[in-house]
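The block underneath contains the structure these notes are about, expressed in structure tokens.
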Amino acid sequence: MSLFKTREWWSTSVGEAEEFDHGCLCIANIDNDVNGTDKIILGSYHGILRIYNPRPQKTESGWSGYSPEDVVLEQAFQLPILQVEAGRFSSGSENLVLAILHPRKLSVYSISAIAGTVAHGSQYKCEGLYEHTLQRTAYKFCYGPFGGVKGKDFVCVQSMDGTLSIFEQESFAFSRFLPGALLPGPIKYVPRLDSFVTVSSSWQVECYKYQVLAVASDSAGKDESQNIRSGKRVTFDWCFDTGEQALDIAVITFPQAPPSILVLGERNIFCLTETGKLRYMKKLEYDPSCFHPYASLSEGTINYMVGTYTKSLLIYQDVTLKWAAKMEHIPVQVQVANFKDLKSCTVTLSDSGHLECVYLGTDPAITVPPQVDSRELNYSKMDAEMAQLQRKIKEKGHKAVITPHRKTDEDLQLNVHISPNLDDMSLATGIDIPNEDSVPSVSIRIQLKSRLLIDNVKVEIHTPWPLATNQSDYIIPSIEPNTPAELFVSVFQRDNSLAAHLYVQISASYKSATGGSRIITARASLPSRLVLKPVLPVKSAIHKLTIDTNKPPVNLNDIFPDLLGENAGGPGAALGFQFFGGPVVTVLASKTSQRYRLQCDRLEAMWIPLRELVSRLNQHFNRGKYGDFKVSFDGSLPLQEYFELVDAHFECRMGASKCLDMLDQRASQFRVIQKRLLTRFKDKTPTPLQNLDTLLEGTFRQILALGDAVEQNQMAQAVSANNLSSGTYLLNFLIRLWTDMTDDEFKVLENSISPVISDSTEQGWQEMTDAAVTHLLRTVLAKSAKDAAVNPSPLAIPSDTGKVKKHIALLCDRLGKGARLVEGLSEKKERTIRMPTPQTIVEDQEDQSMSGDTTAVDNVLNTHYRDKSKKKKRHGKSRNVDDLAPLGLPVLDRPNAGLNELVDAKSQKIRSMVPDLDDMTMDDSPVVNGNKEQNGERADQPFAL
């Protein structure tokens with residue numbers, strides 16, 4: 001808020017419900033008074049012309065203000081008044097006359113005063129001199145001595161389509177199109193250059209010579225007309241790029257100031273030389289409404305005033321603010337006038353017609369502040385208070401946030417409830433999963449409560465692919481305060497792929513009571529039964545993971561009561577889960593030790609079962625008085641298998657790029673063949689096609705085949721992205737268990753090796769992950785200052801995945817040696833990993849990749865399962881549940897005959913597939929095809945992990 005206010009000298013409210021804008025105000029000695037007193041000329045969009053001659057009287061209480069005698073002329077026209085200007089527009093006289101611009105007409109009037117013979121004073125008369133009918137809708141006009149004429153002013157009218165029409169007083173001269181004109185802008189005439197300066201719709205200040213516009217015509221020897229449709233291309237003399245829309249232009253011709261052009265933008269004020277060079281620029285911290293240069297008070301400077309939408313009037317000298325004052329209204333135009341009793345008076349006009357003559361300054365204070373009793377200052381008490389205040393400021397400074405705190409009392413509340421049970425009748429539609437006739441669905445109840453009436457609430461449900469909903473968006477017309485709205489949505493698996501996570505996000509967008517757009521979100525977890533179904537466990541698998549706990553083993557039947565299926569009634573030491581249309585994951589529990597194992601033929605498929613296992617173990621052990629349950633991972637990280645997922649996803653990206661390049665080449669070839677065939681067909685002399693039609697048909701078939709290939713590659717890339725996302729979730733979780741990370745460290749790890757796979761043509765997951773991991777290696781994980789001094793590589797699509805794989809392996813190596821991802825934490829002890837001793841891995845400073853023996857990186861990789869799939873293919877198929885002898889059926893003539901034998905045989909069958917986890921070791925040989933490679937032992941004997 002400004003300290004000062006503008007002082008009112010004279011003011012009035014013009015008309016009733018009339019509108020005004022920039023150009024409706026003009027200050028001039030329009031009646032050519034010998035005293036040179038300015039008059040206020042005002043035209044409104046309602047077509048009413050008014051001329052004021054303010055003459056307030058000084059009284060004891062201040063200035064007398066407006067009186068009816070101040071209105072010297074008021075005349076109504078049938079057309080809106082867009083702009084009024086005073087100049088020498090009459091060929092018969094050099095006196096000032098008034099030019100009025102209507103949408104389709106330009107009129108010139110003479111304002112004269114007739115002296116009265118009685119006490120009522122002079123009478124003013126408005127007499128029309130001439131008018132021009134415009135062929136195009138007008139926007140603004142400027143005037144000046146075009147072509148260097150002496151003692152006369154010509155008029156240039158700018159239309160809404162950017163056409164300039166030149167009128168040499170009573171006669172029409174010519175019309176010209178400006179190049180690239182889309183929307184009109186402010187325009188002014190520069191007398192020194194004999195040029196027009198305007199701002200085009202491309203946000204450029206452009207200067208056009210008058211002579212260039214005058215000679216740019218195709219109708220030589222013919223009469224000029226406003227109804228032009230063609231012409232030579234007009235080129236500007238110079239241009240300057242402002243980068244924003246201009247509101248007004250002013251030409252500086254003050255004696256002490258250098259010739260300049262001022263441009264008022266939406267956020268800046270530009271001062272240009274007459275040759276288009278920037279003299280200076282002032283950045284504004286507010287929204288300006290108008291400006292007006294009025295003088296040059298010192299050599300080489302320009303003084304101008306700026307009106308703002310905050311009801312302020314600011315006075316600048318070049319880029320320095322000299323004065324600021326508050327106003328009562330928002331000015332749309334400001335001028336400076338010289339009246340009889342007040343020189344250099346500021347005249348402002350608002351869009352509603354509030355006309356005001358003000359001056360700047362201060363009034364002396366009327367009230368005198370009372371004297372206060374003087375007292376002695378207690379400096380020790382002041383020092384103690386100052387120290388206390390500084391301590392509070394310091395405490396608040398640590399808790400300060402950049403973004404404002406969100407209010408807890410939102411206008412709209414979003415509650416999401418997921419049914420604990422699956423739908424009795426599945427609502428899944430459009431299923432595209434092989435060998436699956438139906439999949440389950442689960443219902444979600446969405447409730448929206450409002451504190452007040454809210455209209456047009458849009459609710460969107462976002463599920464991870466391949467999950468889908470029966471309807472993904474809803475529009476609620478209105479929500480009453482006491483009547484919450486409820487929606488029911490069914491979620492199910494539609495496509496054949498692994499889900500990376502089971503979180504569903506619901507968002508609701510609405511307009512708040514203040515008119516602002518607000519969005520509230522809610523996140524809920526879907527049940528694992530939506531993507532998993534119970535099956536019999538599988539004895540052999542390619543990939544195996546073992547986790548340790550600090551609590552006694554529990555029965556898996558108690559942990560997964562909803563995923564038992566055929567395993568119900570068993571010993572609870574092994575369970576099998578199968579993804580719909582996907583692999584089987586087997587979960588094994590030890591009998592006496594504190595270990596659990598997961599095994600599957602696909603690494604990425606173990607993420608959701610592992611998360612479910614750890615989550616349910618936490619709920620089982622932490623619900624009572626025991627709250628110190630802990631899970632750890634002491635095996636080797638499956639980096640080699642994870643890198644296969646990275647390579648598969650990268651190959652899909654490269655395949656997509658190659659397909660698009662080939663499709664672009666074939667499309668270009670197709671267009672060239674079409675052009676040649678079209679040329680042959682248009683030729684009057686028939687010529688042979690030379691097999692161009694055959695080539696066209698073949699190219700068309702190739703384009704169709706490439707289009708199908710692009711779609712197939714997109715689907716394969718989506719599946720590989722989901723697999724990589726699941727594998728990334730699994731790897732990050734294993735690293736957390738492997739190194740016992742804190743929550744802050746795990747956030748850093750997930751932000752660096754992100755499980756969110758977002759690919760584009762410019763950037764993909766590989767290069768973004770490489771940049772993030774490289775940043776960690778050069779900052780918190782740097783071993784020396786030399787590692788931190790290396791400049792990062794540009795973010796470009798790599799030729800292969802070697803660099804990102806080496807950097808991830810190096811990250812795991814340093815984390816395994818006790819490094820921390822958050823500064824300020826003490827380093828942990830180096831973990832004793834059951835693998836060959838890794839060598840020191842260094843990073844090359846030139847190519848920003850790791851160098852040295854490749855076995856150093858391989859030592860971090862999971863060598864235990866590296867060649868397991870090859871060995872499995874060499875030894876033949878593995879034995880599974882179908883290879884076992886079928887269980888006996890009960891005798892049909894007895895209801896319970898054979899039931900006990902069936903249960904016992906079923907339990908014995910599951911028990912024979914479960915290893916004795918008491919003998920778990922980390923260095924025994926792998927099991928392939930149900931046979932142990934070492935010493936030729938049988939697989940039906942107890943085996944170890």
Side-chain angles (χ1 to χ4, degrees), residues 462-467 493 497-505 523-528 530-532 543-547 577 579 582-583 585 587 596-618 631-633 635-650 717-759 764-766 768-770 772-773 776 801 804-805 808-809 811-812 815 821 862:
H462 307 273
T463 55
W465 187 81
L467 301 183
Q493 181 177 346
S497 178
L498 296 179
H501 60 83
L502 295 177
Y503 295 110
V504 58
Q505 185 170 352
R523 185 181 180 185
S525 179
L526 298 171
S528 58
L530 200 62
V531 295
L532 296 175
H543 307 291
K544 301 176 182 180
L545 293 176
T546 303
I547 60 173
F577 309 130
F579 287 88
V585 181
V587 181
Y596 301 87
R597 170 189 283 177
L598 286 88
Q599 57 187 27
C600 181
D601 290 339
R602 293 172 59 182
L603 175 70
E604 65 274 13
M606 289 190 285
W607 156 238
I608 291 182
L610 176 61
R611 190 204 66 171
E612 281 292 317
L613 175 63
V614 175
S615 175
R616 299 192 182 203
L617 287 175
N618 274 310
V631 182
S632 61
F633 177 72
S636 56
L637 295 176
L639 289 181
Q640 185 66 34
E641 292 82 356
Y642 175 71
F643 290 158
E644 292 177 0
L645 300 176
V646 176
D647 292 336
H649 177 257
F650 186 74
Q717 185 174 351
V719 173
S720 64
N722 263 22
N723 295 339
L724 179 58
S725 178
S726 300
T728 305
Y729 274 117
L730 178 63
L731 179 66
N732 290 338
F733 188 71
L734 292 179
I735 293 176
R736 180 177 189 176
L737 301 180
W738 188 51
T739 59
D740 193 17
M741 283 186 175
T742 61
D743 293 338
D744 294 337
E745 287 182 292
F746 188 65
K747 288 181 181 178
V748 174
L749 179 64
E750 278 206 323
N751 290 332
S752 302
I753 309 178
S754 175
V756 180
I757 313 298
S758 57
D759 295 326
W765 182 88
Q766 282 76 14
M768 290 188 289
T769 302
D770 184 35
V773 174
L776 290 181
T801 58
V804 64
K805 292 191 293 187
I808 293 177
L811 172 69
C812 297
L815 290 177
L821 291 178
N862 185 2

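No hydrogens, no waters, no symmetry mates; every other heavy atom, side chains included, goes into these values. If you read the sequence from its start, that first residue is 1, and numbering goes on from there. All values reported here derive from a predicted model rather than from experimental measurement.
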Practice task
Could you walk me through whether Glu745 and Thr742 pass side-chain hydrogen bond (donor to acceptor under 3.5 Å, both in side chains), step by step?
Solution key: CA-CA 5 Å; Glu745 287 182 292; Thr742 61; 3.3 Å; yes

Practice task
For the pair Gln766 and Val646, evaluate side-chain contact (heavy atoms from CB on, under 4.5 Å) and give the outcome as yes or no after the intermediate values.
Solution key: CA-CA 8 Å; Gln766 282 76 14; Val646 176; 4.0 Å; yes

Exercise for the section: In sequence, state the C-alpha distance, the side-chain angles, and the governing distance for Val804 and Phe650, and then conclude on side-chain contact (heavy atoms from CB on, under 4.5 Å). Expected result: CA-CA 11 Å; Val804 64; Phe650 186 74; over 6 Å; no

Handout entry: Verdict with reasoning, Ile547 to Leu613, per side-chain contact (heavy atoms from CB on, under 4.5 Å)
Key = CA-CA 10 Å; Ile547 60 173; Leu613 175 63; 4.0 Å; yes

Problem - Steps toward side-chain contact (heavy atoms from CB on, under 4.5 Å) verdict (Ile808, Phe643) - result: CA-CA 10 Å; Ile808 293 177; Phe643 290 158; 4.1 Å; yes

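In this structure, Trp465 contributes its side chain and Val719 its backbone to no donor-acceptor pair below 3.5 Å. Using modelled atom types, no side-chain atom of Gln599 and backbone atom of His543 make a donor-acceptor pair closer than 3.5 Å. The backbone N or O of Ile753 sits less than 3.5 Å from a side-chain atom of Asn732, completing a donor-acceptor pair. Using a distance-only test at 3.5 Å, with no hydrogens or angles considered, a donor-acceptor pair links the side chain of Ser725 to the main chain of Pro755.
In this structure, CE on Met741 lies 10.0 Å from CD on Glu750, to the nearest 0.5 angstrom. Distance check, rounded to the nearest 0.5 Å: CH2 of Trp738 to CG of Leu731 gives 10.0 Å. One distance of note links NE2 of His649 with CG of Asn722; it measures 10.0 Å at 0.5 Å rounding. In this structure, Tyr596 OH and Leu610 CG are separated by 12.5 Å, a value rounded to the nearest 0.5 Å. Between the CH2 atom of Trp607 and the CG atom of Leu734 there is a distance of 9.0 Å, given to the nearest 0.5 Å. For the atom pair CG of Leu639 and SG of Cys812, the computed distance is 4.5 Å after rounding to the nearest 0.5 Å.
In summary, Lys805 and Asp770 do not engage in a salt bridge, as defined by a charged side-chain N under 4.0 Å from a carboxylate O.
Under the 3.5 Å distance criterion, with hydrogens and angles disregarded, a donor-acceptor pair is assigned to the side chains of Tyr642 and Thr728. No side-chain donor-acceptor contact under 3.5 Å links Glu612 and Ser615.
Using a 4.5 Å heavy-atom threshold, the side chains of His462 and Val504 count as separate. Considering only heavy atoms from C-beta on, Thr463 stays 4.5 Å or farther from Tyr503 through its side chain. When side chains are defined from C-beta on, Val585 counts as touching Phe579, because their heavy atoms get closer than 4.5 Å. Side-chain contact between Leu498 and Pro583 is present, with heavy atoms from C-beta onward closer than 4.5 Å. Contact of the Asn723 side chain with the Arg602 side chain is registered, since non-hydrogen atoms from C-beta on lie closer than 4.5 Å. By the 4.5 Å heavy-atom criterion applied to side chains, Leu598 and Thr546 are not counted as neighbours. With a 4.5 Å cut-off on side-chain heavy atoms, Leu603 and Met606 count as touching.
Heavy atoms only, all atoms of each residue included: Leu502 and Ser528 are closest at CD1-CA, 3.7 Å. Annotation for Thr769 and Ser752: closest pair CG2-O, 3.8 Å, computed over non-hydrogen atoms. Taking all atoms of both residues into account, the shortest heavy-atom contact from Ala500 to Ser726 is CA-OG, 3.3 Å. Closest approach of Pro466 to Ser497, counting heavy atoms only: CG-O, 3.3 Å. Between Pro609 and Leu532 the shortest heavy-atom distance is CG-CD1, 4.4 Å.
Ring geometry, His501 versus Tyr729: the interplanar angle exceeds 60°, so the pair is classed perpendicular (tilted spans 30 to 60°).
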